[in-house]
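Shown next, in C-alpha cells, is the structure this report addresses.
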Amino acid sequence: MSDAPASTRLASAYEPREVEDRIYAFWEEGGYFRARVVPGEAPYSIVMPPPNVTGELHLGHGLEDAITDTLVRWHRMQGQPALWLPGEDHAGIATQNVIERELLKEGIDRRDLGREAFAARTWQWVRKLRPRIYEQHRKLGASADWSRDVFTLDPRVVRAVRTTFVNLYRDGLIYRGLRMINWCPRCGTALSDLEVDYAEEEASLYYVRYPVVGEGGMALPDALSVATVRPETMVADTGVAVHPEDARYEDRIGRTVLLPVVGRELPVVADEAIRPEFGTGALKVTPGHDPLDWEIGQRHDLDAIVAIGPDGRMNEEAGPYAGMEVAEARAAIVSDLEDGGFLERTEPYTHSVGRCSRCDAVIEPLPGEQWWVAVNKEYRPGVSLAGAAAAAVREGRIRIVPARLARTFLNWTDNMRDWCISRQIWWGHQIPVWYCACGETIVAIDDPAACPVCGSAELRQDEDVLDTWFSSALAPHADLGWPDDSEDLRYFYPTTDMQMGYDIMFFWSARMVMFGLYNMRAHAPDGDIPFRTVLFHGLIRDANGEKMAKSRGNVVDPLVAAGVYGADAFRFALLTASTLGQDMKYSEERMAAARNFANKLWNTARYVLMQMEGRHIRRPLAADREMLALEDRWLLSRLEGLEGEVDSLLTAYQLGEAGRRIQGFIWNELADWYVEMSKVRLREGDERPLAVLAHALDHGLRLLHPMMPFVTEELWGRLRERLDGDFAVALIVAPFPKSAGVWRDEAAEAAMDHVIEVNRAIRNLRAEKRVAAGARPTVYLRAAGQADVLRETAAATAFTSRVEPLVTGAGADLPAGEYAFARVGGTEVALALPEVDRAAERGRLERELAESEGQIARLERQLRNERFLERAPAAVVQGERDRLAQAGVRAAGLRERIAALGG
RNA sequence: GGGCGGUUAGCUCAGAUGGUUAGAGCGCUGCGUUGACAUCGCAGAGGUCACUGGUUCGAAUCCAGUAUCGCCCACCA
C-alpha cells in the first residue's frame, strides 16, 4: 500500500472491499500481530474466548473481536508488546451433537461407527471449520497472533489438562462418587448444574391415596395422601415422609403404607425437609429420581430404585410400564390409579422443568457414579478453589467491569457446589484414569504401560471425557505453555484483560480464576491470577429484542453485515451501540450510520490529501502558535482535549464513549467547521491550514485506528508520504496520540465558540427569512467584546454562511432598511433583508424575549439564594452572574427592536 | 425466595467523579447539485429524563419507596 503513487486520487466513496483484504495482508506480511517478548517492557496480553468449532462465528464473536482488537491495537500503539492469543474450542457435547446430526443425515448412528471412527470423523470436521473461523476473524480485522493459535485438544493442552487433573486428584480435590446428577437422555451424559436450563411449565399435581397398613399387613380403610407431579416415578417409591412436627401425621410416623398399583409396603418417616403447607404435607419419597428425595433417602436409609433408564424409558423396575417413554408411563399410571380408586384429585400446576442447554431434552435427575471437583475443600489451610477465586475478586486483585457484576460473581463463588466434570460422550479430553483387573486405579499424566501393582498391561482407561469447561478453565496459563516454564508464560502471565459475555461468567471466568490460582499458586501473591481485569459485555439481540438463535432464524452473520457495510463500520457500530454489560439490539440503521461515518472520514481525508497534493507538509509547532489563525489554534486545542478524553475513556474501558467522541471531533469539528473555514484561506494562498489539516487528520486516524483499523490504515499510508517527520512504517504501530498539553487554548476555544454561534445565528435567520440560497446579503455584526475575533474570521463567515459581514462596535448605527436580528452573547447580528414581514418578525422577537425573561428570572432567583452564594464554588457563581448579565443585554436588545418595529 | 438491570426525543441508545438552555444516530419538516463527501450540507421541530418522597445552594445523575419490562441465582414434592 505504501507504494501507491502519490498522485493517485482517492475514489469519491470509501470501498471497503477494495481495501480490507489488501490491508490485512499488509499487516500480516509486516508481522505486526506477532507479539515479541521484550524484557523490561510491560506487556499487554489478552486471550480470545475460543469459539466453538461447531460452526461459523456469530454476532457475539464479532462484538468480541471488536472489543478485543480495539484494546490490543490501542496498547500496541502505545509501544507495548501486545499479545492477542487466539484459539478454538473443541466444545465436547456441542460438537458431538453436530457430528451426530451430520451422521444421521447419512443414516449412520454413532454407536455403529464406534469411538475411534467417530473421533476421526470429528477431526475431519475440525480441520474444515478452523480455517473458516480464521477467515472470519481476518475479515473483521482481528490482529490476533495466529502463530500462537491454540486448539483445546492440542497435545500441549492435553498435557496441561492431565497435569491439572492429576494434581487435583492427589490433593483430594477430584474424586469419584455416587451422587444425584443431571442426566440428559438425549445426549446420553451427565451434565453440570450450569448446563441445565430451568423454565416454568404447565403440568398437573396429582393427589394419590396410599392406604395405611394395619397390624398383620392388613390395609386399613385409612389412607395417607401425597401430592406429586411425577406419578410415573411411583414405581420407584421407597417411603413416604412427613414433617416431624406435623400434628396431622403424628400417629403415622413409623407405620407403613401400601404403594398403590405396585403393592410395595413403604415406611412413613419424619424429615425436617418436608414443607407441611405444600399439598397434603406428605411426600412420596423416590430417592432414585429426585435430588431432595435422594437426601431424605440417605438420612432414613431408604433404597434408591432407578426405574428410568439412561435412554429416558422406563426399565424393568417399572414392571408393566417397562419400555414406555416417561410421558406414556405417566398417562398409564394415572389411568391405573384412577381405575383403582387411588387418585383423589388433580389440579393444574406450574413448576419449573430442567432441560438440557444443548439439546432441550428434559433432564432426568438420576443417581450416578461421576467424577467431581471438590470446590470448597481446602488444599491449603483456609484456601479452597472457590474461596480463593472469591478472595481474588474481593481483594481487588481481579477487577470486574462493570463493577456491579462483582456481586453476581461473588454470589456464585460463595455458594458454589461440587462440579460434575465427567461426561459420557466421546469427543473431548478422556479422563486420565486407568483401571487394572487387579483392582488398581492409576491416575497419571502419561498413558501407563503397565499396572504398577500387578504388572499387567491390560489396563482399561476410564471411558468418560471431561467437561469442556475443564480445559477452558486453564486457558490463560495453559495457552501460554504451562505446565512448562515457557518464556511466554513467564512474560505474558498474568494476562492483562479478559473479555466475555456475562452469560458465561460462571461457566468460564469463575473457573479460570479457580484453576489459574491453583496451578499458578507458586507465583502468588501477584503472579497467580489469570487476568487482572475481566470485562463482561452484553448480548446482542435481534431488532425486536429477541435472543438470536439458529432455531428462531433470526441470526445475523457478521460477515454478511461486514460485507455490506465494511468491517470498520461493523466494528464501530457494535462498539458504540451500547455500554459494557448492557444488552443491545442489532440495528441495520446503526450499521449504515457507521458506514456513512467511514465514508465521511474518507472524504475528509480525500480533501486534505488533494490540498496537499505535490507538497511536503511540516506539522505545526507549538512554538509557532502565535503565527496561527484563531481556527487553527481552536482545532489543535480541541484535538488535544480529545486526546486526553480518549485516553481516560479507554483506560476506563469506555470504548463506546471514546468512539462517539472521536466521531464527534472528526465530523462536527474537523469536517463541518475547520475544513469549511480552510477553503477560503487556501484559495487565497494562505498555506497555514495545510499543516493543521494534516496534523488533525494524522491524529484523528491514529485515535480511530483501534476501532476502525482498515480505513484508517489505508488513509494514513497515503498521508504519511506527504508529511515530514519520523513516521512509523504503518499506522498499526504508530504511536497513539497522548495529550501533551501544549495546544490547550481556552481563549481560542471560547472565541471560536462565539464565531460558530454567530454563524449559526446568521444561517438561522437566512432560513427563517427564506433568503434565497444564492443571495449574499449584508450582515452587520455589532460586537461588544469579540469584534477582533469576528473580523479575523470574517472571510470564513462570508464563505460558509454566504453573506457580506461587516463587523462594527456595539454602538454603531445601522443604515436604514429592514433587518432580521439575533443576539449571540455580546454580539448583535443584523441581517439585511429586502423586506420584512413586520408582524411575523415581531412575533418571533416576542417569543425570544419571553424565553430570555424566563431565564433571567431563574438566574435572579438563583443569585438571590444566599445558600447558593455561600456554598457553590466561586466559578459557578461567577458563571451564573455572567449568564445573567448576557441575558439582560439580550433582553434589552430584543425590547429595543420590538419597539423599533412599532405597533 | 434472593440478587441485578432497563425505563431519557417518534425509534435505537449515550449521558465516567451531581453544576450552562439534557445529547447522538436514524426518522421527520424546510432549503440546498458552493468540485472532499447526496453514504452529503445548512436550518428546524420534537423530551414533566417512568412515578413519589428525600438529601443538596443545585439531581437524569445520590438515597428511600412505587410501578412496569427483562435477566440471573435457589433441591417451588
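What you see below is based on every heavy atom in this structure, not just the backbone, and it leaves out hydrogens, waters and symmetry mates. Chain A is the first sequence line, chain B the second, and so forth, proteins listed ahead of strands; every chain is numbered from 1.
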Among [options], the one nearest [X] by side-chain distance:
| X | options | answer |
| --- | --- | --- |
| A:E200 | B:C76, B:A36, B:A43 | B:C76 |
| A:S352 | B:U39, B:C76, B:A43 | B:C76 |
| A:R661 | B:A16, B:U39, B:A77 | B:A16 |
| A:T579 | B:A77, B:G15, B:C72 | B:G15 |

Expressed in angstrom and rounded to an integer, what is the separation of [X] atom [atom1] from [N] atom [atom2]?
| X | N | atom1 | atom2 | result |
| --- | --- | --- | --- | --- |
| A:L580 | B:C4 | CG | P | 20 Å |
| A:R299 | B:C75 | CZ | C1' | 11 Å |
| A:M591 | B:C13 | CE | C1' | 14 Å |
| A:L539 | B:G70 | CG | C1' | 12 Å |
| A:Y607 | B:G41 | OH | C1' | 15 Å |
| A:F536 | B:C4 | CZ | C1' | 14 Å |
| A:N603 | B:G41 | CG | C1' | 13 Å |
| A:R275 | B:A77 | CZ | C1' | 7 Å |

Could you tell me how far [M] sits from [N] if I compare only their [atom1] atoms? Round to whole Å.
| N | M | atom1 | value |
| --- | --- | --- | --- |
| B:A16 | B:G10 | C1' | 29 Å |
| B:G53 | B:G46 | P | 27 Å |
| B:G19 | B:C49 | P | 16 Å |
| B:C69 | B:A77 | C1' | 32 Å |
| B:C71 | B:C13 | P | 15 Å |
| B:A9 | B:A14 | C1' | 13 Å |
| B:U7 | B:A45 | P | 26 Å |
| B:C73 | B:U66 | C1' | 25 Å |

Base, sugar-phosphate, or nothing: which does [X] touch, judged by heavy atoms less than 4.0 Å apart?
| X | value |
| --- | --- |
| A:A282 | base |
| A:A671 | base |
| A:T286 | nothing |
| A:R763 | sugar-phosphate |
| A:R760 | sugar-phosphate |
| A:L649 | nothing |
| A:Y14 | nothing |
| A:D672 | sugar-phosphate |

Could you grab the distance from atom [atom1] of [X] to atom [atom2] of [Y], nearest 0.5 Å is fine?
| X | Y | atom1 | atom2 | result |
| --- | --- | --- | --- | --- |
| A:L292 | A:I274 | CG | CD1 | 6.5 Å |
| A:T238 | A:D293 | OG1 | CG | 8.0 Å |
| A:F507 | A:L194 | CZ | CG | 4.5 Å |
| A:M548 | A:L59 | CE | CG | 4.5 Å |
| A:L649 | A:R660 | CG | CZ | 9.5 Å |

Test: [X] and [Y] ion pair at under 4.0 Å:
| X | Y | answer |
| --- | --- | --- |
| A:R867 | A:E870 | no |
| A:R230 | A:E364 | yes |
| A:R661 | A:E645 | yes |
| A:D271 | A:R299 | yes |
| A:R541 | A:D583 | yes |
| A:K679 | A:E684 | no |

Query raised in the report: Side chain of A:Q582, base of B:A14: donor and acceptor closer than 3.5 Å?
Result: no
Short N/O separations, protein against nucleotides 25-35 of chain B, under 3.5 angstrom:
{"residue": "B:G30", "atom": "O2'", "partner": "A:R770", "partner atom": "NH1", "Å": "3.3"}

Report task. Would you indicate, yes or no, if B:C37 has its OP1 or OP2 atom less than 4.0 angstrom from a side-chain nitrogen or oxygen of A:K600? Result ->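 For B:C37, neither OP1 nor OP2 has a side-chain N or O of A:K600 closer than 4.0 Å.
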Query raised in the report: Mind checking whether A:F572 and A:F597 have parallel, tilted or perpendicular rings, split at 30° and 60°?
Result: tilted
Report task. Give a yes or no on this: more than 12 heavy atoms of other residues, nucleotides or ligands lie within 6.0 Å of atom CD of A:E200. Result ->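 Check passes, neighbour count above 12.
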Query - Atom CD of A:E347 with >12 non-hydrogen neighbours under 6.0 angstrom - result: yes
Report summary line: Annotated structure of RNA chain B as dot-bracket, pair cut-off 3.5 Å, Watson-Crick or G-U only, | for inter-strand, is (((((((..((((.....[...)))).(((((.......))))).....(((((..]....))))))))))))....
Requested in this report: Nearest-nucleotide wise, let me know which of A:F278 and A:V675 is further upstream toward the 5' end of RNA chain B.
Outcome: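 Here A:V675 is the residue nearer the 5' end.
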Report summary line: By nearest-heavy-atom nucleotide on RNA chain B, the more 5' of A:R606 and A:R867 is A:R606
Query raised in the report: Are A:R595 and A:Y565 in a cation-pi setup, meaning NZ or CZ lies under 6.0 angstrom from the ring centre and within 45 degrees of the ring axis?
Result: no
Report summary line: Under a 4.0 Å heavy-atom cutoff, the residues of residues 403-419 of chain A touching RNA chain B are A:R404, A:R407, A:R417
